[in-house]
Student: 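For reference, the structure I am asking about is given below.
All values below were derived from every heavy atom in this structure, side-chain atoms included, with hydrogens, water molecules and symmetry-related copies excluded. Just so we're on the same page: letters track the sequence lines, and every chain starts at 1.
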Amino acid sequence: MKDSVSYKVFKVVNTIILLLIVFITVFPFINVLAQSFSSEAYINAGKVNLIPRGFNIDTYRTVAKDAMFWTNYKNTVVYTVVGTVISMFMTTIFAYALSKKRLMGRKFLTMFAVFTMFFNGGLIPNYVLINSLGFANSIWAIVVPGAISIYNMLIMKSFFENMPEELEEAASIDGLNTYGILFRIILPLSKAIMATMMLFYAVGHWNSWFSAFLYMDQKELFPVTVYLRNLIAGATGGASAGATSADNLTQISANIKSVTMVLTILPILLIYPFVQKYFVSGVMLGSVKG
Amino acid sequence: METKAVSPALPQERAVKKQKQRSVGRLLRKDWQLYSLLVLPIIYLLIFKYGPMIGNVIAFRRFVPGGNIYGEKWVGFHYFQMFIQDPNFWKVFTNTLILGALTLLFTFPIPIIFALLLNEVKNKKFKKFVQTASYMPHFLSIVIVAGMILQMTSASGSINALIRFFGGDGVNFMQRAEWFRAIYVTSEVWQGMGWGAILYLAALTTIDESLYEAAKIDGANRWKQTLHVTIPGILPTIVTLLILNMGSFLAIGFEKILLLYNPVIYETSDVISTYLFRVGLQSSSFSYATAIGLFESIIGLILVFSVNAISRKVTERSLW
């Protein structure tokens with residue numbers, strides 16, 4: 001069957017619209033990249049859009065020389081790794097226990113967890129709690145309060161529920177206890193979902209800034225996102241790279257910001273092509289259970 | 001959820017109950033490893049989720065920083081009366097409603113349209129390419145997104161370059177309150193369009209091909225097919241996501257606004273969450289800010305439950 005003329009026209013227009021969407025989506029990335037290689041004068045004159053002007057890599061050198069940037073970058077790595085390990089452990093044991101039909105109070109406990117998705121304590125009570133626990137200026141303020149994402153837990157739970165019962169029965173006849181079944185039988189069979197969850201958590205931790213911003217006031221403890229935030233806010237970054245004086249209100253130049261942004265996005269962009277299918281499958285799994 | 005009426009226990013039922021209790025104990029002993037897995041998560045939920053909920057009592061009690069975390073003495077609805085009489089509160093409340101409604105109005109339908117357009121692409125490679133590119137902004141840190149927005153809207157940014165290219169005068173967007181809503185909503189669309197289309201794209205693949213064949217035989221062109229086959233096919237997904245979105249429409253991007261706004265544009269950009277952040281943590285009016293936060297959470301909770309209840313009545317679809 002042949003397409004009508006109007007459908008042919010539509011297809012051309014559609015392709016153009018989609019290309020335009022891609023362009024708009026990608027443009028800010030290209031723009032930042034271009035600015036990171038440009039000289040400040042060209043950026044301030046509003047002349048850097050898609051291609052670098054006044055090409056140089058001096059800005060990268062300047063940022064690379066800033067010890068605080070690397071300290072904060074390293075913090076981000078540590079917070080991400082520790083946070084992801086804690087989150088994975090807590091989410092897995094919770095999801096596994098709740099996935100067992102023989103568990104007493106299973107329904108109540110699930111509701112108990114789900115309720116927290118719709119009602120949370122709010123900013124101030126959280127702030128008061130974390131400080132009263134003595135978590136301020138420590139990694140715990142960042143990795144503990146958000147340890148379990150109930151949403152992720154529900155995805156994992158429904159995955160475990162769909163695993164055949166016979167597997168576990170066979171394993172327990174072989175003398176494995178519950179821990180053994182979980183860690184030696186179930187987890188090796190759940191690699192795909194585990195990878196997805198791990199990515200969700202890791203990206204979340206890598207990108208997070210607010211808890212550090214809220215609970216930390218020592219620069220050497222900041223993750224790189226807070227370092228970047230301070231550059232963008234332009235006020236507190238007086239001591240960081242590129243600032244011409246110690247004046248707190250020094251305007252941080254655009255190329256410094258761009259380089260910092262590029263270096264912060266880089267790890268995510270590098271793994272993105274390889275892992276995006278896991279993310280997508282994670283969303284699908286989530287939709288099964290609503 | 002259903003609640004069962006509790007009937008007074010008869011003697012033989014009591015005996016059964018006792019037996020049950022004994023078997024509960026036996027079950028616990030036999031299966032203690034399974035139950036032990038629950039210990040840490042439950043402690044976590046109690047301290048870090050339910051703890052702050054209880055911490056909301058300071059909305060009704062005078063709180064002194066450094067003092068008792070549950071406040072010093074009862075003051076009743078004092079702080080609630082305070083914010084109800086606070087003109088600033090009503091200003092940020094209105095801002096929150098407007099910004100939430102605008103965000104929903106644009107970020108909800110655009111992914112559907114995007115999915116429908118993508119669905120018409122027959123070239124698999126091109127489709128994949130567009131999809132992959134469109135997901136990318138979803139994985140960025142909000143700090144980076146804010147940085148990009150500020151850079152693009154600045155006097156030397158690309159948007160002004162475009163305006164000047166067409167002969168217009170540059171606009172200092174972030175100093176002009178009337179631009180904030182447009183910038184915020186656009187950035188939300190930019191970030192969420194591709195990601196938001198995933199579920200629709202999945203739903204589109206489940207539509208039975210024979211329905212299209214039948215429509216073709218009836219003489220329906222591609223547009224009619226879209227109207228009568230495609231859209232009804234993804235309608236359940238649309239409704240479910242609409243419930244989710246409407247339930248959370250007050251919970252607008254607090255972190256993003258915090259990173260973007262400045263005192264010059266508070267008039268349109270200041271929302272409930274940013275306001276309570278400032279009065280609470282920067283001016284140390286903890287109880288006052290908690291009262292505002294509690295008010296917002298309760299409205300949010302009511303919204304989710306009522307939208308869900310309405311949807312269950314009208315469409316027989318609900319989240320639980």
Student: Taking side chain as everything from C-beta outward and backbone as N, CA, C, O, which of these in B:W223 sits under 4.5 Å from a heavy atom of chain A? Side chain, backbone, both or neither.
Tutor: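 Neither part, no heavy atoms under 4.5 Å.
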
Student: Report which part of A:F94 has an atom under 4.5 Å of a heavy atom belonging to chain B: side chain, backbone, both, or neither.
Tutor: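 Both backbone and side chain of A:F94 come within 4.5 Å of chain B.
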
Student: Does any backbone or side-chain atom of B:N56 lie under 4.5 Å from a heavy atom of chain A? Answer side chain, backbone, both or neither.
Tutor: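 For B:N56, heavy atoms of backbone and side chain both lie under 4.5 Å from chain A.
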
Student: Counting heavy-atom pairs closer than 4.5 Å to chain B, which one of A:V203, A:N177, A:N44 comes out on top?
Tutor: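 The residue among A:V203, A:N177, A:N44 with the greatest pair count is A:N177.
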
Student: Just so I understand: if I count every heavy-atom pair under 4.5 Å between each of B:L140, B:I42, B:T290 and chain A, which residue has the most?
Tutor: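 The option with the most such pairs is B:L140.
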
Student: Within the supplied structure, the quantity of interest is the number of heavy atoms (other residues, nucleotides, ligands) at a distance under 6.0 Å from A:I30 CD1; does it exceed 12?
Tutor: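 Counting other residues, nucleotides and ligands, CD1 of A:I30 exceeds 12 neighbours.
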
Student: Among the options B:W195, B:F129, B:F114, pick out the one with the most heavy-atom pairs lying under 4.5 Å from chain A.
Tutor: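 The option with the most such pairs is B:W195.
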
Student: Below 4.5 Å from any heavy atom of chain B, which atoms of A:N14 appear? Answer side chain, backbone, both or neither.
Tutor: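 Only the side chain of A:N14 comes within 4.5 Å of chain B.
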
Student: Below 4.5 Å from any heavy atom of chain B, which atoms of A:F29 appear? Answer side chain, backbone, both or neither.
Tutor: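 For A:F29, backbone and side chain are both near chain B.
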
Student: Taking side chain as C-beta onward, heavy atoms only, is B:L118 less than 4.5 Å from B:Y200?
Tutor: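 Side-chain contact under 4.5 Å: no.
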
Student: Considering only heavy atoms, which portion of A:N31 lies under 4.5 Å from any heavy atom of chain B: side chain, backbone, both, or neither?
Tutor: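 Interface part for A:N31: side chain.
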
Student: With only heavy atoms counted, which part of A:L133 is less than 4.5 Å from chain B, the side chain, the backbone, both or neither?
Tutor: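 Just its side chain gets close to chain B.
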
Student: Can you find a side-chain donor-acceptor pair between A:Y179 and B:S36 that sits under 3.5 Å?
Tutor: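 Indeed, the side chains of A:Y179 and B:S36 share at least one donor-acceptor pair under 3.5 Å.
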
Student: Examine whether an atom of B:I54 lies under 4.5 Å from a heavy atom of chain A, and if so say whether it belongs to the side chain, the backbone or both; otherwise answer neither.
Tutor: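 Looking at B:I54, nothing touches chain A.
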
Student: Over all heavy atoms of both residues, which pair between A:K257 and A:L228 is shortest? Give the atoms and the distance, please.
Tutor: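 So the minimum-distance heavy-atom pair works out to O-CD1, 4.1 Å.
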
Student: Please find the pair of heavy atoms, one from A:A141 and one from A:I130, that lie closest to each other, and give the distance.
Tutor: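 Nearest heavy atoms, A:A141 then A:I130: CB-CG2, 4.0 Å.
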
Student: Based on non-hydrogen pairs under 4.5 Å, which of B:M136, B:K49, B:Q131 is most in contact with chain A?
Tutor: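 Among the listed options, the one with the most contacts to chain A is B:M136.
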
Student: Tell me if a side-chain donor or acceptor on B:Y35 pairs with a main-chain N or O of A:M104 at a distance below 3.5 Å.
Tutor: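 A pair under 3.5 Å: yes.
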
Student: Between chain B and each of A:T25, A:T225, A:V280, A:N131, count heavy-atom pairs under 4.5 Å; write down the option with the most.
Tutor: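 Option with the greatest count: A:T25.
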
Student: Would a distance-only check, ignoring hydrogens and angles, find a side-chain to backbone donor-acceptor pair under 3.5 Å from B:S141 to A:N207?
Tutor: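 Indeed, once roles are kept as given, a pair shorter than 3.5 Å links the two residues.
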
Student: So what's closer than 4.5 Å to chain A heavy atoms on B:D31: side chain, backbone, both or neither?
Tutor: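 Side chain only.
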
Student: Please classify the contact between B:Q151 and chain A as side chain, backbone, both or neither, with a heavy-atom cut-off of under 4.5 Å.
Tutor: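 The answer is the side chain of B:Q151.
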
Student: B:G147 and A:M261: which non-hydrogen atoms are nearest, and at how many Å?
Tutor: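 Shortest heavy-atom contact: C-CE, 3.7 Å.
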
Student: Any donor and acceptor pair, going by atom type alone, linking the side chain of A:N126 with main-chain N or O of A:G122 inside 3.5 Å?
Tutor: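 Checked: pair present.
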
Student: Contact part of B:M152 toward chain A, heavy-atom cut-off under 4.5 Å: side chain, backbone, both or neither?
Tutor: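 Contact with chain A is through the side chain of B:M152 alone.
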
Student: When heavy-atom pairs shorter than 4.5 Å are enumerated against chain B, which of A:V26, A:I43, A:V32 gives the highest number?
Tutor: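 Among the listed options, the one with the most contacts to chain B is A:I43.
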
Student: Over all heavy atoms of both residues, which pair between A:G146 and A:S87 is shortest? Give the atoms and the distance, please.
Tutor: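 Closest approach of A:G146 to A:S87, heavy atoms only: O-OG, 4.3 Å.
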
Student: Looking at A:K47, I want to see if its NZ is surrounded by more than 12 non-hydrogen atoms of other residues, nucleotides or ligands under 6.0 Å.
Tutor: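 At most 12 heavy atoms, drawn from other residues, nucleotides or ligands, come within 6.0 Å of this atom.
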
Student: Is it true that A:Q35 and A:Y42 share a donor-acceptor pair across their side chains at a distance under 3.5 Å?
Tutor: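 Absent: no donor and acceptor within the cut-off.
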
Student: So what's closer than 4.5 Å to chain B heavy atoms on A:F135: side chain, backbone, both or neither?
Tutor: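 The answer is the side chain of A:F135.
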
Student: Mark yes or no: A:R229 above the aromatic ring of A:F222, with NZ or CZ under 6.0 Å from the six-membered ring centre and no more than 45 degrees from the axis.
Tutor: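 Checked: cation-pi criterion not met.
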
Student: In terms of heavy-atom pairs under 4.5 Å with chain A, which of B:G293, B:G55, B:S158 leads?
Tutor: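 Top option by heavy-atom pairs under 4.5 Å: B:S158.
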
Student: Looking only at non-hydrogen atoms, find the nearest pair between A:I86 and A:A147 and report the distance.
Tutor: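 For A:I86 versus A:A147, the nearest heavy atoms are CG2-CB, 4.1 Å.
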
Student: Name the region of B:L45, side chain, backbone, both or neither, that has any atom closer than 4.5 Å to a heavy atom of chain A.
Tutor: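 Contact with chain A is through the side chain of B:L45 alone.
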
Student: Counting only heavy atoms closer than 4.5 Å, note whether A:I265 contacts chain B via side chain, backbone, both or neither.
Tutor: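 Both backbone and side chain of A:I265 come within 4.5 Å of chain B.
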
Student: Does any backbone or side-chain atom of A:I181 lie under 4.5 Å from a heavy atom of chain B? Answer side chain, backbone, both or neither.
Tutor: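 A:I181 has no heavy atom closer than 4.5 Å to chain B.
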
Student: When you compare the side chain of B:N160 with that of B:R164, does any pair of heavy atoms fall below 4.5 Å?
Tutor: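 SC-SC contact between B:R164 and B:N160 confirmed.
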
Student: If you count heavy-atom pairs under 4.5 Å with chain B, which of A:F213, A:F27, A:F89 comes out on top?
Tutor: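 Looking at each of A:F213, A:F27, A:F89 in turn, A:F27 comes out on top.
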
Student: What part of A:I21 gets closer than 4.5 Å to chain B, counting heavy atoms only: side chain, backbone, both or neither?
Tutor: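 It is the side chain, since no backbone atom gets that close.
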
Student: Tell me if the aromatic rings of B:F63 and B:F286 count as close, with their centers under 6.0 Å from one another.
Tutor: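 Yes.
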
Student: Would you mind telling me which of B:L40, B:L258, B:T132, B:L38 has the largest number of heavy-atom pairs within less than 4.5 Å of chain A?
Tutor: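 If we count pairs closer than 4.5 Å to chain A, B:T132 comes out on top.
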
Student: Tell me, side chain or backbone of A:T15 under 4.5 Å from chain B's heavy atoms, or both, or neither?
Tutor: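 Both parts, backbone and side chain.
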
Student: Nearest heavy-atom pair of B:E120 and B:T226: which atoms, and what distance?
Tutor: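 Closest approach of B:E120 to B:T226: OE2-OG1, 4.1 Å.
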
Student: Hey, does the side chain of A:S38 reach the backbone of A:R53 with a donor-acceptor pair shorter than 3.5 angstrom?
Tutor: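 Yes, the answer is positive, given that a donor and an acceptor are paired below the 3.5 Å cut-off.
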
Student: Can you say whether B:F277 sits under 4.5 Å from chain A via the side chain, the backbone, both, or neither, judging by heavy atoms?
Tutor: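 For B:F277, the contact with chain A is made by backbone and side chain together.
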
Student: Are B:Y50 and A:F112, when compared by the centres of their aromatic rings, separated by less than 6.0 Å?
Tutor: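 Yes - the distance between ring centres of B:Y50 and A:F112 falls below the 6.0 Å cut-off.
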
Student: Please flag which part of A:F10 lies under 4.5 Å from any non-hydrogen atom of chain B: side chain, backbone, both or neither.
Tutor: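 Contact with chain B involves the side chain of A:F10 alone.
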
Student: Backbone N or O of A:P145 within a donor-acceptor pair of the B:Y44 side chain at under 3.5 Å?
Tutor: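 Present.
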
Student: Is it the side chain or the backbone of A:F119 that comes within 4.5 Å of chain B heavy atoms, both, or neither?
Tutor: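 Backbone plus side chain of A:F119, per the 4.5 Å heavy-atom cut-off to chain B.
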
Student: So which residue, A:L50, A:N49, A:L182, ends up with the most heavy-atom pairs under 4.5 Å with chain B?
Tutor: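 When all of A:L50, A:N49, A:L182 are compared, A:N49 has the most.
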
Student: Considering only heavy atoms, which portion of A:I268 lies under 4.5 Å from any heavy atom of chain B: side chain, backbone, both, or neither?
Tutor: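 The side chain, not the backbone.
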
Student: Contact part of B:L241 toward chain A, heavy-atom cut-off under 4.5 Å: side chain, backbone, both or neither?
Tutor: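 Neither; nothing under 4.5 Å.
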
Student: Heavy-atom pairs under 4.5 Å with chain A: which of B:A161, B:S297, B:G300 has the most?
Tutor: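 Heavy-atom pair counts peak at B:S297.
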
Student: Contact part of A:V144 toward chain B, heavy-atom cut-off under 4.5 Å: side chain, backbone, both or neither?
Tutor: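 Both parts, backbone and side chain.
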
Student: With respect to chain B, which residue among A:S208, A:G204, A:A254 yields the maximal number of heavy-atom pairs within a distance under 4.5 Å?
Tutor: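 Among A:S208, A:G204, A:A254, the one with the most close pairs to chain B is A:A254.
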
